[in-house]
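In what follows, a structure is listed as structure tokens, so that the remarks can point back to it.
A note on names: the letters A, B, ... follow the listed sequences, proteins ahead of strands, and every chain is numbered from 1. These numbers come from a predicted model, not from an experiment.
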Amino acid sequence: MSDYKPQTIEKKWQARWRESRAFEVSEDPDRPKFYCLEMFAYPSGHAHVGHVRNYMIGDVVARMKRMRGYNVLHPFGWDAFGMPAENAAIKSGTHPETWTLENIAHMKGQLQRIGISYAWERELATCQPEYYRWNQWLFLKMLERDLAYRKRSNVNWCPSCQTVLANEQVVNGECWRCGTVVTTRDLEQWFFRITQYSDELLEAANRLGDWPEKVLMMQRNWIGRSEGARVKFALSTSHEPRATSHGIDVFTTRIDTIYGANFILLAPEHPLVQAWSQVPGSEAFRANMQRFQAQDRTARMTGDVEKEGFDTGRTAINPFTGRPVPIWVANFVLGEYGTGAVMGVPAHDQRDFEFARKYGLPITVVVQPASAQGSGGAGSASAQGSGGTGPAETLSSDSMTESYDGPGTLVESGEFSGVPSAEAIDRMTASAEARGLGERTVQYRLKDWGISRQRYWGTPIPVLYCDTCGMVPVPSDSLPVELPRIAEFSGRGDSPLAQVPEFVNTTCPDCGGPARRETDTMDTFVDSSWYFFRFCDPRNTELPFDPDKVAYWGPVDFYSGGVEHAILHLIYSRFFCRVFRDLGMTHLDEPFSRLLTQGMVLKAGQVMSKSKGNVVDPDDMIEKFGADALRLYVMFVAPPEKEIEWTDAGLEGSWRFLARVWRLVDQLAETIGGEGIPPAADLQITDAERALRRKTHGTIRRVTIDLDPRVHLNTAVSGLMELVNELYAFCGRTECLRFGRDGEDTATVGAVESAGTVAVLKEAIESLVRMISPFAPHMAEELWEMLGHTGGIVAAGWPVYDEAVARAEEIVVPVQVNGKLRGRLRVPAGVSEDRLREMAVADPAVARHLEGKTIRKVVVAGGRLVSIVAN
RNA sequence: GCGAAAGUGGCGGAACUGGCAGACGCGCCGGACUUAGGAUCCGGUAGCCGAAAGGCUAUGGGGGUUCGACUCCCCCCUUUCGCACCA
């Protein structure tokens with residue numbers, strides 16, 4: 001007899017796993033593969049339970065799959081570039097590399113103490129030149145294919161981080177990392193042409209069946225495809241600067257409303273606006289324009305600013321009506337979307353409506369809602385947009401209080417009057433195309449990915465600038481361009497690399513003349529966009545990875561991580577996967593087959609964070625209750641996708657459960673661990689023994705399905721708890737164990753006479769120990785050994801259930817009368833429906849509720865329930 | 001404002017395709033064993049009525065479909081998340 005001492009056994013098994021490289025794998029075409037991955041970690045210093053929950057979830061899946069015979073790749077690494085390291089350097093003088101490596105060492109220890117079954121041999125850190133040289137390699141490939149390009153543009157700038165941010169990294173106008181309000185700068189920047197894949201990324205999202213719908217929705221919204229038309233409004237005045245004489249292109253999704261386009265609105269950033277502001281005598285114009293441009297960018301983006309505009313004094317010709325319309329500049333028109341110009345249709349667009357009312361511009365109704373006449377029905381036909389209250393009625397520009405944005409029938413629209421709007425869109429677009437005034441187009445919200453960062457701790461962009469040759473890519477064979485070791489970090493000025501002359505000054509590989517290196521580094525999201533491929537072949541020195549290895553392991557079968565990456569990492573990775581595909585490195589379109597977004601761990605209703613001082617350090621919990629109890633608790637307390645509220649009491653409960661399992665197995669180990677015990681299936685057994693077998697096999701079935709495919713880890717644990725409860729009850733009844741009869745011990749082992757009892761106990765307990773091992777791997781290994789097995793629990797495999805044993809011989813069929821439960825029938829499984837009907841009506845408890853009534857109907861539902869209707 | 005998801009005991013949560021609501025755990029109550037028990041084992045625990053048998057009411061609220069609804073449909077309320085002048 002021994003007590004459950006997790007600290008001792010956990011150390012023992014962790015050492016064994018390490019020494020035997022238990023989780024390293026190689027390609028084996030004869031076995032089904034399974035690539036299980038959790039989003040790798042930013043080495044911030046210490047992992048709290050909120051972080052490690054994710055790794056635990058993946059580990060349960062990986063361990064279970066391994067036991068089920070899969071060749072499981074379960075690697076881990078470090079997203080090791082990034083600003084906190086550099087900020088630490090500025091603050092404390094520790095070099096980013098030192099800071100990063102120390103953090104990695106600590107966090108790796110934490111993960112090992114939790115017993116996550118990683119193939120540590122494949123560990124990688126993105127700050128290693130062996131890794132980031134492949135970022136550079138890929139960059140050069142993308143440059144060749146025009147997927148990487150450089151342009152000057154207005155970019156998001158975080159004043160606190162002192163760097164540029166990609167659109168995806170600006171959240172509500174604030175920096176995703178530090179929350180500082182983002183401003184703009186006009187800079188030369190490198191971009192990745194992710195928009196080349198807009199349609200594919202969008203369309204393929206519909207086939208990612210094992211991704212949470214929420215994430216797919218976020219991606220669809222982010223890509224923001226909208227179909228419409230570009231239409232040209234010719235300028236009606238001729239005294240303009242030369243380049244502007246062609247006209248103004250607007251983008252609209254509602255060309256059917258063009259007869260109501262009574263004005264044109266330009267973004268303050270529109271080139272024409274810029275040009276007009278330079279015309280002599282335009283001081284007032286210029287002042288207005290600059291005022292708009294100076295308005296808080298966030299407010300302008302989010303609509304928090306009052307809609308304002310001013311008249312340019314110019315007019316354009318509406319290509320459908322042929323009439324001149326005034327051109328205004330409006331602060332709510334976005335320069336970066338579409339053409340930066342829109343047609344103003346006040347009757348059918350709420351913003352234009354407000355604008356028109358404010359400045360006294362004319363409103364013309366050109367779409368009437370499908371009228372109620374004829375349809376006779378109520379609400380169904382009513383306007384979805386707005387247009388006052390009540391059912392659809394004829395709109396009039398005088399009485400409208402808001403725009404009508406819905407579909408309808410065209411009026412006042414020349415040859416298109418009377419045409420329904422959907423059809424009108426097609427016909428009018430075709431008409432514009434035929435006359436050379438426009439074309440059908442698709443607009444996306446998605447922009448190219450700006451990857452230049454004015455920081456040190458990242459991948460150097462492998463290009464240089466030569467006075468004679470211009471921009472020159474660094475030749476592939478001289479990669480990597482290594483980060484120079486910088487001694488001091490001021491946090492001021494340009495890119496830190498620009499301050500290192502040895503780095504900057506180089507010679508041009510083409511002409512041999514003097515050249516300067518690019519001093520910006522890459523966005524760290526580049527690193528994480530393909531690391532899952534590198535794990536398949538992490539030490540390759542010739543290529544980012546061997547295509548054959550990725551062909552074997554890819555795609556990632558199970559990927560888990562936080563939702564916060566829904567439109568960052570997860571969209572970039574989908575993009576990179578396609579780039580590698582188009583380079584011929586993989587056949588995969590999508591990198592991740594199944595995605596699970598795990599919930600956060602809260603403490604006192606708040607997200608754990610160092611600044612709030614509410615972090616729970618796994619090491620503290622391991623010290624008290626052991627890693628197995630910690631893992632079990634986190635898995636049991638809620639489904640993986642849901643957030644959980646941390647409670648110490650819950651953890652203690654899980655510890656108690658494990659101790660309960662320990663006592664059970666420990667006390668019976670000698671009885672059931674011996675040699676020559678025949679399988680339970682071969683023996684004549686008692687009813688009680690048969691009931692235990694049924695529970696055992698039923699539990700295997702349930703837990704197996706809960707884990708795979710459902711990944712309902714919490715209910716899998718409760719299934720195991722039920723089996724343990726059943727085992728205790730069985731042992732008490734059969735006196736295998738005598739509880740509470742001994743002053744010193746909690747239980748004593750009774751004499752077990754029956755071979756059947758030994759056999760069913762052995763079957764139940766060995767199944768239990770194997771099934772609990774993904775959750776509590778250390779204890780399971782220890783118990784497995786205690787039961788006399790050698791070779792480890794993974795080799796033992798996952799238990800298999802026998803459907804015939806799991807099926808109950810006798811079932812309880814509830815009987816309802818008029819929907820209320822009135823009786824229960826104990827019947828042999830598989831009894832006929834007719835027999836069930838007879839028995840139900842005859843049952844005394846049921847009959848009482850049928851007195852004085854006539855039975856109208858008796859429904860037998862799937863042989864599992866009888867429902868009687870009577871009155 | 002638009003969109004999505006969710007609302008179940010004191011708490012975390014179960015209920016797989018419409019079929020016994022509350023599995024499992026926490027907490028609480030009781031019993032056993034004990035010098036003692038915050039250990040362990042056993043039992044109880046949605047609410048209301050009732051001594052009990054039993055009955056009634058219950059899955060945010062209100063309607064509906066159905067023999068039968070936590071589950072499907074409509075309206076409303078609340079919470080969380082995402083988007084937020086995208087033309």
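Side-chain proximity of Arg848(A) to the nucleotides C41(B), G54(B), G12(B) is greatest for G54(B). Closest to the side chain of Arg663(A), out of U40(B), A87(B), C20(B), is U40(B). Of the candidates A23(B), G13(B), A87(B), G13(B) carries the atom nearest the Asn714(A) side chain, counting heavy atoms from C-beta on. With A87(B), C56(B), C81(B) as the choices, the nucleotide that has an atom nearest any side-chain atom of Lys214(A) turns out to be C81(B). Closest to the side chain of Val333(A), out of A87(B), A14(B), G19(B), is A87(B). If you check A14(B), C24(B), C83(B) against the side chain of Thr715(A), the one that comes closest is A14(B). When each of C42(B), A87(B), A14(B) is scored by its nearest atom to the side-chain atoms of Ser226(A), the top-ranked nucleotide is A87(B).
Pairing for U57(B) is with A46(B), a Watson-Crick or G-U wobble pair whose two hydrogen-bonding atom distances lie under 3.5 Å. Pairing partner, C41(B): G31(B), with both Watson-Crick or wobble hydrogen-bond distances short of 3.5 Å. Using the Watson-Crick or G-U wobble rule with both distances under 3.5 Å, C2(B) pairs with G82(B). Pairing partner, A23(B): none, since no Watson-Crick or wobble contact has both distances short of 3.5 Å. Both distances falling under 3.5 Å, in either a Watson-Crick or a G-U wobble arrangement, occur for no nucleotide opposite C16(B). A51(B) is unpaired under the Watson-Crick or G-U wobble criterion, no partner having all donor-acceptor distances under 3.5 Å.
Within the 4.0 Å cut-off from OP1 or OP2 of C26(B), at least one side-chain nitrogen or oxygen of Arg656(A) is found.
Using P as the reference atom, A21(B) and A58(B) are 13 Å apart when rounded to the nearest Å. A gap of 15 Å separates the P atoms of C70(B) and G63(B), to the nearest Å. Comparing U57(B) with A69(B), their P atoms sit 13 Å apart, to the nearest whole Å.
A donor-acceptor pair under 3.5 Å is absent between the side-chain atoms of Lys447(A) and the main chain of Tyr337(A), judged by distance alone.
What separates CZ of Arg864(A) from C1' of C20(B) is a distance of 11 Å, to the nearest Å. In this structure, Lys857(A) atom NZ and G68(B) atom C1' are separated by 10 Å, rounded to whole Å. For Arg710(A) and A23(B), the CZ to C1' distance is 13 Å, given to the nearest whole Å. When the P atom of A87(B) is taken as reference, atom CH2 of Trp328(A) falls 24 Å away, rounded to whole Å. Straight-line distance from the CG atom of Leu651(A) to the P atom of G27(B): 12 Å, rounded to whole Å.
Partner of Glu643(A) under the side-chain contact (heavy atoms from CB on, under 4.5 Å) criterion, out of Val607(A), Leu602(A), Val601(A): Leu602(A) alone.
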Next on the checklist: Under the criterion side chain to side chain donor-acceptor pair (under 3.5 Å), I'd like the reasoning laid out for Arg660(A) against Asn725(A): C-alpha separation, chi angles, the key distance, then a yes or no.
Outcome noted: CA-CA 9 Å; Arg660(A) 190 166 151 86; Asn725(A) 291 344; 3.0 Å; yes
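For A87(B), the base has no donor-acceptor partner in the side chain of Arg254(A) [N/O atoms by modelled type, under 3.5 angstrom].
Aromatic ring centres of Phe310(A) and Phe292(A) lie closer together than 6.0 Å.
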